[in-house]
Enquirer: 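Next up is a structure, given as structure tokens.
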Number of protein chains: 2
Amino acid sequence: MPETDRVPIPTLLRLACYYRALVEQEQRGARRLSSSEIAQLCGISATQVRKDFSFFGLGGKPGVGYDPAQLRGQIARVLKLDRPHQIVIVGAGRLGQALAAYGGFGAYNLQVSGVFDSDPAKIGKRIGGGLTIQDVKKLTPKTCPGKRCIGALTVPADQAQRAADTLFSVGIYRILNFTPAPIEAPAGAIVRTAAFTPEFAVLAFFDKETHYEHD
Amino acid sequence: MPETDRVPIPTLLRLACYYRALVEQEQRGARRLSSSEIAQLCGISATQVRKDFSFFGLGGKPGVGYDPAQLRGQIARVLKLDRPHQIVIVGAGRLGQALAAYGGFGAYNLQVSGVFDSDPAKIGKRIGGGLTIQDVKKLTPKTCPGKRCIGALTVPADQAQRAADTLFSVGIYRILNFTPAPIEAPAGAIVRTAAFTPEFAVLAFFDKETHYEHD
DNA sequence: AGTTGTGAAATGCTTCACAGCT
DNA sequence: AGCTGTGAAGCATTTCACAACT
Ligand SMILES: NC(=O)c1ccc[n+]([C@@H]2O[C@H](COP(=O)([O-])OP(=O)(O)OC[C@H]3O[C@@H](n4cnc5c(N)ncnc54)[C@H](O)[C@@H]3O)[C@@H](O)[C@H]2O)c1
Ligand SMILES: NC(=O)c1ccc[n+]([C@@H]2O[C@H](COP(=O)([O-])OP(=O)(O)OC[C@H]3O[C@@H](n4cnc5c(N)ncnc54)[C@H](O)[C@@H]3O)[C@@H](O)[C@H]2O)c1
């Protein structure tokens with residue numbers, strides 16, 4: 001197994017995509033899949049697929065292909081999806097609630113286990129997904145005892161660092177940051193960004209009308 | 001100006017980040033900013049900031065720094081945020097409605113102009129942000145006449161291609177795909193992916209407990 | 001003195017080409 | 001024959017180092 005911090009992030013992202021495609025194909029009863037079929041299902045080149053597998057020593061049979069169930073299991077072990085992870089959402093606003101109600105996490109062994117907010121008007125309310133919004137002050141080391149928690153930051157940008165610090169202080173060292181604010185993290189913690197407004201800006205850039213009449 | 005398809009996407013994403021930081025600093029009355037201050041605000045290295053600017057010929061004053069207002073204007077022109085873009089949401093579910101209600105697009109000259117769904121029970125309902133859900137069948141070339149529309153795909157994965165095709169057929173050639181399904185696009189169209197479940201999977205990978213007891 | 005702007009080096013990632021297995 | 005697995009090449013992006021400017 002390669003050193004965990006020498007692994008290309010793009011490879012991990014694609015592995016998650018293969019995983020999903022394999023779950024789907026397995027359900028459809030597929031028994032064999034070639035790298036180019038997997039590639040097609042994820043919109044990626046077949047070489048790339050094989051390189052990714054090769055990186056972790058995931059094997060198929062030359063001349064034949066891959067066994068979907070087995071490969072899925074191998075990828076799950078690589079991505080640590082063979083064990084459950086809990087998602088703790090901080091910020092029960094529109095985005096936080098959409099996440100909490102999302103039904104697609106189960107297939108990845110991910111489960112939203114708690115939703116926290118600071119607004120007294122929201123605390124105690126039941127939301128989609130069946131959870132009840134809890135006071136962010138009740139976020140303590142006991143929230144995630146011996147479990148594998150991942151924080152989801154869906155607070156306003158100016159609260160992002162504070163909310164992140166709460167998560168760190170409680171032993172949650174993996175955070176997906178949906179706010180546009182950058183997060184300072186202690187050594188050993190890992191914060192990834194999932195801001196999508198910049199993605200819209202990229203699409204704005206590709207506007208075909210190169211000229212625009214200024215006032 | 002460099003060829004529009006020779007531009008590094010990471011540069012565009014960072015440009016959007018600088019843009020946001022500049023808007024904020026401008027509001028706080030900042031008159032001068034150095035590349036290292038901008039870097040800090042976005043969690044990026046100062047060299048990277050200057051390289052990005054240099055790519056588009058955006059200039060500051062050596063020994064002094066950058067004028068926030070002027071720089072913001074320049075970045076806006078590069079990203080085409082000097083003109084308004086309309087966001088058309090297809091799929092008025094949890095995520096689509098969260099997007100529709102999001103108040104942060106205005107600063108980028110982006111505006112959600114329509115929300116479409118196929119569910120008769122949803123059509124006609126007023127949602128957060130003030131818009132009314134429309135029948136996806138009413139999505140025609142007139143939806144976006146001479147305007148600059150960007151599609152946001154927030155339908156279930158198995159409807160993604162169909163919904164995308166509808167957008168293409170109506171002249172919307174820029175799409176942000178929030179589903180896990182890959183999209184086949186006609187030449188000239190540009191589809192970007194904003195799936196965040198893979199991001200959670202990346203964080204799962206960085207689980208510190210390397211051993212896990214299997215049953 | 002302090003900060004920008006940029007070639008050149010280093011690193012990271014993807015694609016190619018093909019040897020090797022079944 | 002067909003498909004996998006992987007070094008080597010190629011391309012993209014980041015970082016370095018420093019000259020140039022104010
Ligand atoms: N909604 C979107 O589509 C969208 C799009 C892009 C980015 N974002 C980003 O995602 C974040 C959340 O967006 P949203 O639209 O859900 O906002 P929102 O205002 O609907 O929700 C924010 C929630 O955080 C809670 N909160 C505030 N301070 C808190 C604290 N210190 N601790 C715990 N909870 C706190 C608020 O009570 C509120 O319920 C924002 O940073 C926004 O920039 C959202
Ligand atoms: N909610 C999340 O947090 C989340 C997280 C990760 C990925 N996603 C992805 O985002 C997408 C939307 O997720 P969601 O949670 O909002 O789902 P949702 O089920 O709440 O909403 C989907 C909406 O699309 C509508 N729809 C279905 N077919 C349509 C069609 N052909 N044309 C127009 N509208 C149609 C449905 O009526 C529904 O309102 C899914 O693909 C999901 O995988 C969502």
Side-chain angles (χ1 to χ4, degrees), chain A residues 1-18 22 25 30-68 70-71 74-75 78 182 192-193 198 202 205, chain B residues 1-18 22 25 30-68 70-71 74-75 78 182 192-193 198 202 205:
Chain A
M1 268 317 113
E3 281 293 330
T4 135
D5 49 329
R6 285 255 159 69
V7 179
I9 299 292
T11 291
L12 294 176
L13 290 168
R14 285 189 300 262
L15 242 31
C17 183
Y18 308 148
L22 288 168
Q25 290 305 306
R31 332 258 344 206
R32 292 256 164 262
L33 246 39
S34 67
S35 61
S36 52
E37 286 170 306
I38 297 171
Q40 181 120 57
L41 293 165
C42 291
I44 288 172
S45 80
T47 313
Q48 185 76 82
V49 172
R50 293 200 300 274
K51 246 305 188 253
D52 288 338
F53 292 171
S54 149
F55 193 89
F56 289 102
L58 309 184
K61 285 210 184 76
V64 182
Y66 303 84
D67 172 343
Q70 186 192 334
L71 184 57
Q74 291 180 312
I75 295 179
V78 166
R192 291 197 47 85
T193 297
V202 169
F205 172 80
Chain B
M1 265 319 111
E3 279 295 328
T4 136
D5 50 330
R6 284 254 159 71
V7 179
I9 300 292
T11 292
L12 294 175
L13 289 168
R14 286 189 300 264
L15 241 33
C17 183
Y18 307 147
L22 289 167
Q25 290 304 305
R31 331 263 339 209
R32 292 254 163 265
L33 245 38
S34 67
S35 61
S36 52
E37 286 170 306
I38 296 171
Q40 180 121 57
L41 293 165
C42 291
I44 288 172
S45 79
T47 312
Q48 184 76 84
V49 172
R50 293 200 299 275
K51 247 299 188 263
D52 288 337
F53 292 171
S54 148
F55 193 89
F56 290 102
L58 308 185
K61 283 209 185 78
V64 183
Y66 302 84
D67 173 343
Q70 186 193 334
L71 185 55
Q74 291 180 310
I75 294 179
V78 167
R192 292 198 47 86
T193 297
V202 169
F205 172 80

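We name chains A, B, ... by the order of the sequence lines, and we start the count at 1 in each one.
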Enquirer: Once you round it to whole Å, what is the distance between P of C:dT22 and OH of A:Y66?
Expert: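 My rounded result for the distance is 13 Å.
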Enquirer: Classify B:F53 by what it touches in the nucleic acid, base, sugar-phosphate, or nothing, heavy-atom distance under 4.0 Å.
Expert: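 B:F53: no heavy atom of the nucleic acid under 4.0 Å.
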Enquirer: Any base atoms under 4.0 Å from B:R6, or only sugar-phosphate, or nothing? Heavy atoms, all strands.
Expert: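 No contact at all - B:R6 keeps every heavy atom at 4.0 Å or more from the nucleic acid.
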Enquirer: Between A:E37 (CD) and D:dG2 (P), how many Å, whole number?
Expert: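 Taking CD of A:E37 and P of D:dG2, I get 14 Å after rounding.
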Enquirer: Within the 4.5 Å heavy-atom criterion, are A:D67 and A:R32 side-chain neighbours or not?
Expert: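 Contact flag for A:D67/A:R32 side chains = yes.
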Enquirer: A:I9 has an atom CD1; how far is it from atom P of D:dT13, in whole Å?
Expert: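 Between P of D:dT13 and CD1 of A:I9: 17 Å.
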Enquirer: Quick test: give all pairs of protein nitrogen or oxygen and nucleotides 15-22 of chain D nitrogen or oxygen below 3.5 Å, distance rounded to 0.1 Å.
Expert:
{"from": "D:dT22", "atom 1": "O4'", "to": "B:P62", "atom 2": "O", "distance (Å)": "3.1"}

Enquirer: With a 4.5 Å cut-off on side-chain heavy atoms, are A:R14 and A:V49 touching?
Expert: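 In short, these two side chains do not touch, never coming nearer than 4.5 Å.
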Enquirer: On DNA chain C, does the nearest nucleotide to B:S36 precede the nearest nucleotide to A:P10 from the 5' side, or the other way round? Give the residue.
Expert: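 The residue closer to the strand's 5' end, by nearest nucleotide, is B:S36.
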Enquirer: What is the separation between atom CG on A:L12 and atom P on C:dG12, rounded to the nearest whole Å?
Expert: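 A:L12 atom CG is separated from C:dG12 atom P by 15 Å.
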Enquirer: Applying side-chain hydrogen bond (donor to acceptor under 3.5 Å, both in side chains), which residue pairs with at least one partner in residues 33-42 of chain B are found, sequence neighbours left out?
Expert: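 Sorted pair list: B:S34-B:S36, B:S34-B:E37, B:S35-B:R50.
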Enquirer: Can you check the B:D52 CG to D:dT14 P distance for me, whole Å?
Expert: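 It works out to 7 Å between those atoms.
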Enquirer: Whole-Å distance between D:dA12 C1' and B:F55 CZ?
Expert: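 Rounded to whole Å, this separation is 11 Å.
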Enquirer: Holding to side chain to side chain donor-acceptor pair (under 3.5 Å), I want the full list of residues that pass it with B:Y18, two or more places apart in sequence or in another chain.
Expert: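 With sequence neighbours excluded, B:Y18 shows a side chain to side chain donor-acceptor pair (under 3.5 Å) to B:D52, given in chain and number order.
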Enquirer: If only side-chain N and O atoms of B:R14 are considered, is one of them under 4.0 Å from the OP1 or OP2 phosphate oxygen of D:dT13?
Expert: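 B:R14 to D:dT13 OP1/OP2: no side-chain N or O under 4.0 Å.
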Enquirer: Mind listing the closest non-hydrogen atom pair of B:P68 and B:L33 along with its distance?
Expert: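 Heavy atoms only, the tightest pair is CG-CD2, 4.2 Å.
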Enquirer: Please name all residues satisfying side-chain contact (heavy atoms from CB on, under 4.5 Å) with B:L58, sequence neighbours left out, ordered by chain then number.
Expert: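 With sequence neighbours excluded, B:L58 shows a side-chain contact (heavy atoms from CB on, under 4.5 Å) to B:F53, B:F56, B:L71, B:Q74, B:I75, B:V78, given in chain and number order.
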Enquirer: How bent is the helix from C:dA1-D:dT22 to C:dT22-D:dA1, comparing axes over its five end pairs at each side, to the nearest 10°?
Expert: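 Nearest ten degrees gives 0° for this helix.
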Enquirer: May I ask you to decide if B:G57's main-chain N or O and B:S54's side chain share a donor-acceptor pair within less than 3.5 Å?
Expert: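 Checking the backbone N and O of B:G57 against the side chain of B:S54, no donor-acceptor pair under 3.5 Å is found.
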Enquirer: Quick one: which of D:dT14, C:dG5, D:dG5 gets closest to the side chain of A:S54?
Expert: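 For A:S54, the side-chain atoms sit closest to D:dG5.
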Enquirer: Using whole Å, report how far CG of A:D67 lies from P of D:dC3.
Expert: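 So the two atoms are 17 Å apart, to the nearest Å.
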Enquirer: Write down the distance between CD1 (A:I44) and P (C:dC13), rounded to a whole number of angstrom.
Expert: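 Going from A:I44 (CD1) to C:dC13 (P), I get 15 Å.
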Enquirer: Who passes side-chain contact (heavy atoms from CB on, under 4.5 Å) against A:P198, sequence neighbours left out?
Expert: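 Partners of A:P198 by the side-chain contact (heavy atoms from CB on, under 4.5 Å) criterion, ordered by chain and then number, come out as A:A195, B:L13, B:A16.
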Enquirer: Using a cut-off of less than 4.0 Å, is there contact between a side-chain N or O of A:S35 and OP1 or OP2 of D:dC3?
Expert: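 No, because none of the side-chain N or O atoms of A:S35 sits under 4.0 Å from OP1 or OP2 of D:dC3.
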Enquirer: Report yes if the side chains of B:T11 and B:K51 come closer than 4.5 Å at any heavy-atom pair, otherwise no.
Expert: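 Of all side-chain heavy-atom pairs linking B:K51 with B:T11, none is under 4.5 Å.
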